There are 2 protein chains.
Amino acid sequence: MGIFSKTCEYAIRSVFFIAHRTENGSRVGIKEIATGISSPEHFLAKILQDLSKKGIVKSVKGPHGGFYMDESTLQRPLADVVEAIDGNGLFTGCGLGLVSCSESKPCPLHNEFKVIRKNIHEMLLKTTIKEFNGDLNLGVTNLKK
Amino acid sequence: MGIFSKTCEYAIRSVFFIAHRTENGSRVGIKEIATGISSPEHFLAKILQDLSKKGIVKSVKGPHGGFYMDESTLQRPLADVVEAIDGNGLFTGCGLGLVSCSESKPCPLHNEFKVIRKNIHEMLLKTTIKEFNGDLNLGVTNLKK
DNA sequence: TAAATAAAAGACAAAAAACTCTTTTATTAT
DNA sequence: ATAATAAAAGAGTTTTTTGTCTTTTATTTA
Ligand code: SF4
Ligand code: SF4
């Protein structure tokens, strides 16, 4: 198990893929996205429906329809995608899963975790969705399994 | 969902608890540990059997039996506990779950993740199991939900 | 307006994780 | 030796996550 849920991994890979494939204003269909990031098609469909409701991606039905992103969304931080799918537990929660702890009576790892989750949050806040388009175009990076 | 599995959270809390309750050379039973860290008793029992097989905790059966830790184990890093339960995926694996990526053709987040997982690993390597005994004794920190 | 297209929605199914309950085995003390 | 104790082991159930399949709705083009 990594830091993110599988669902969230697919979500991240798909927004990278959509951003990369639609920067010219076109749209890309679910089948192409699914094969492009090697994810189960119908499972990904659910995820994209979710992201669509939450405004992370846009979609249109019918012929020549598909998913795309507008310029303002492209500039949003990756943290928005993670929060939409996995919630903010990764940023606000803690490693040991206690709920009734406090700053004055924390678990032993409290201070250590504060640093880690701050690192993660800052990384995801400074990373924008579109910033990898260049490398993806060049084939330097990949999203397939 | 936090960084660790629930199983791993219980494991960490229980080793802290056992370390804290047996530093005088005594033993502590499963019931007391379970209530002490507010975890399901029989579920925790499985986890401790596992940790016992892997040498993280010691145990003796029968009257006045229970779990304890020896001095050398007390000095081991928390990373050993995490690795015993969740494996080394958190340290070696990655955020996007790809398997056929490489340094030369990584996913877009590769470099970002390298920093994060290094942070986590270093934190868990420098944290020893016994180092919180003092604060637990003083009641400054707690392990109960 | 009809046919084709593609996402949205709904209903399941499989796998993994989390949790419960019972029986067995080892140890100790009487 | 026997009874009491406490961990180990085994056999489940429940819940959550992940994945599949089918039907419906919206849009476009002919
Ligand atoms: S004290 Fe901090 S790290 Fe520990 S359980 Fe509470 S919030 Fe989490
Ligand atoms: S490139 Fe790095 S971060 Fe990306 S999937 Fe591979 S190992 Fe993980």
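Quick caveat: nothing in here was measured; it's all calculated off a predicted structure.
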Would you sort out whether A/Leu74 and A/Thr128 count as a side chain to side chain contact (heavy atoms under 4.5 Å, CB included), showing the intermediate values? CA-CA 7 Å; A/Leu74 284 170; A/Thr128 65; over 6 Å; no
List the steps, then state whether salt bridge (charged side-chain N to carboxylate O under 4.0 Å, His left out) holds for B/Lys114 with B/Glu103. CA-CA 11 Å; B/Lys114 258 171 42 180; B/Glu103 282 288 335; 3.4 Å; yes
Is there a donor on the side chain of A/Lys6 or the base of D/dT18 sitting less than 3.5 Å from an acceptor on the other?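 Between D/dT18 and A/Lys6, which were checked side chain against base, a qualifying N/O pair under 3.5 Å is absent.
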With a 4.0 Å cutoff (strictly under), does any side-chain N or O of [X] reach OP1 or OP2 of [N]?
{"X": "A/Thr7", "N": "D/dT17", "value": "no"}
{"X": "B/Ser52", "N": "D/dA7", "value": "no"}
{"X": "B/Ser59", "N": "D/dA7", "value": "no"}

Using the ring of each side chain (for Trp, its six-membered ring), is B/His121 parallel, tilted or perpendicular to B/Phe91, with breaks at 30° and 60°?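 Parallel.
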List the residues meeting salt bridge (charged side-chain N to carboxylate O under 4.0 Å, His left out) with [X], not counting sequence neighbours, and say none if there are none.
{"X": "A/Lys46", "result": "none"}
{"X": "B/Lys31", "result": "none"}
{"X": "A/Arg27", "result": "none"}
{"X": "A/Glu122", "result": "A/Lys118"}

Report the nucleotide, chosen from D/dT20, D/dT27, D/dA6, that has the shortest atom-to-atom distance to any side-chain atom of B/Lys61.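 Given the options D/dT20, D/dT27, D/dA6, the side chain of B/Lys61 is closest to D/dA6.
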For the pair made of [atom1] in [X] and [atom2] in [N], what is the distance, rounded to whole Å?
{"X": "B/Gln49", "N": "C/dA26", "atom1": "CD", "atom2": "P", "value": "14 Å"}
{"X": "A/Leu44", "N": "D/dT17", "atom1": "CG", "atom2": "P", "value": "18 Å"}
{"X": "B/Leu48", "N": "D/dA9", "atom1": "CG", "atom2": "P", "value": "13 Å"}
{"X": "B/Leu51", "N": "D/dA7", "atom1": "CG", "atom2": "C1'", "value": "14 Å"}
{"X": "B/Tyr10", "N": "C/dA17", "atom1": "OH", "atom2": "P", "value": "15 Å"}
{"X": "B/Phe43", "N": "D/dA11", "atom1": "CZ", "atom2": "C1'", "value": "16 Å"}
{"X": "A/Glu41", "N": "D/dT18", "atom1": "CD", "atom2": "C1'", "value": "16 Å"}
{"X": "A/Ile47", "N": "C/dG10", "atom1": "CD1", "atom2": "P", "value": "18 Å"}

Base, sugar-phosphate alone, or nothing: which one does A/Lys58 contact when heavy atoms must sit under 4.0 Å apart?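 Touches nothing.
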Using five pairs at each end of the helix from C/dT1-D/dA30 to C/dT30-D/dA1 to define an axis, what is the angle between those two axes, to 10°?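 Overall, the helix from C/dT1-D/dA30 to C/dT30-D/dA1 bends by 10° from one end axis to the other.
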Counting only heavy atoms and a strict 4.0 angstrom limit, can you tell me which residues of residues 14-33 of chain B come near DNA chain C?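 By residue number: none to list.
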Does the side chain of A/Val115 come within less than 4.5 Å of B/Met123's, by heavy atoms?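 B/Met123 does not reach A/Val115 side chain to side chain.
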Output a table of donor-acceptor pairs, distance under 3.5 Å, between side-chain atoms of residues 55-71 of chain B and any protein atom two or more places apart or on a different chain; print 'none' if there are none.
from: B/Asp70; atom 1: OD1; to: B/Ser72; atom 2: OG; distance (Å): 3.3
from: B/Asp70; atom 1: OD1; to: B/Thr73; atom 2: N; distance (Å): 2.9
from: B/Asp70; atom 1: OD1; to: B/Thr73; atom 2: OG1; distance (Å): 2.5
from: B/Glu71; atom 1: OE2; to: B/Gln75; atom 2: NE2; distance (Å): 3.2
from: B/Glu71; atom 1: OE2; to: B/Lys130; atom 2: NZ; distance (Å): 3.0

Residues that B/Asn111 engages under side chain to side chain donor-acceptor pair (under 3.5 Å), provided they are two or more places apart: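 So B/Asn111 forms no side chain to side chain donor-acceptor pair (under 3.5 Å) with any residue.
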Quick one: list whatever passes side chain to side chain donor-acceptor pair (under 3.5 Å) with B/Glu41, sequence neighbours left out.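 Side chain to side chain donor-acceptor pair (under 3.5 Å) check on B/Glu41 returns nothing, list empty.
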Report yes or no: does B/Asp86 contribute a side-chain atom to a donor-acceptor pair with the main-chain N or O of B/Ser5 at less than 3.5 Å?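 Judged by distance alone, yes, a pair lies under 3.5 Å.
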Looking at A/Ala11, is its backbone amide N or carbonyl O close enough to the side chain of A/Ser14 to form a donor-acceptor pair, meaning the two atoms are under 3.5 Å apart?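 It does hold such a pair.
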Nucleotides 11-13 of chain C: which of its N/O atoms have a protein N/O under 3.5 Å away?
none

Scan residues 63-74 of chain A against DNA chain D and write down, sorted by residue number, each residue with any heavy atom closer than 4.0 Å; if none is found, say none.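 Only A/Pro63, A/His64 qualify.
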Which pairs would a plain distance check flag for residues 134-144 of chain A, meaning a side-chain donor or acceptor within less than 3.5 Å of a matching protein atom at least two apart in sequence or in another chain?
from: A/Asn137; atom 1: OD1; to: A/His20; atom 2: NE2; distance (Å): 3.1
from: A/Asn137; atom 1: ND2; to: A/Glu23; atom 2: OE2; distance (Å): 2.8
from: A/Asn137; atom 1: ND2; to: A/Asn133; atom 2: O; distance (Å): 3.3
from: A/Asn142; atom 1: OD1; to: A/Lys144; atom 2: N; distance (Å): 3.0
from: A/Asn142; atom 1: ND2; to: B/Lys105; atom 2: O; distance (Å): 3.0

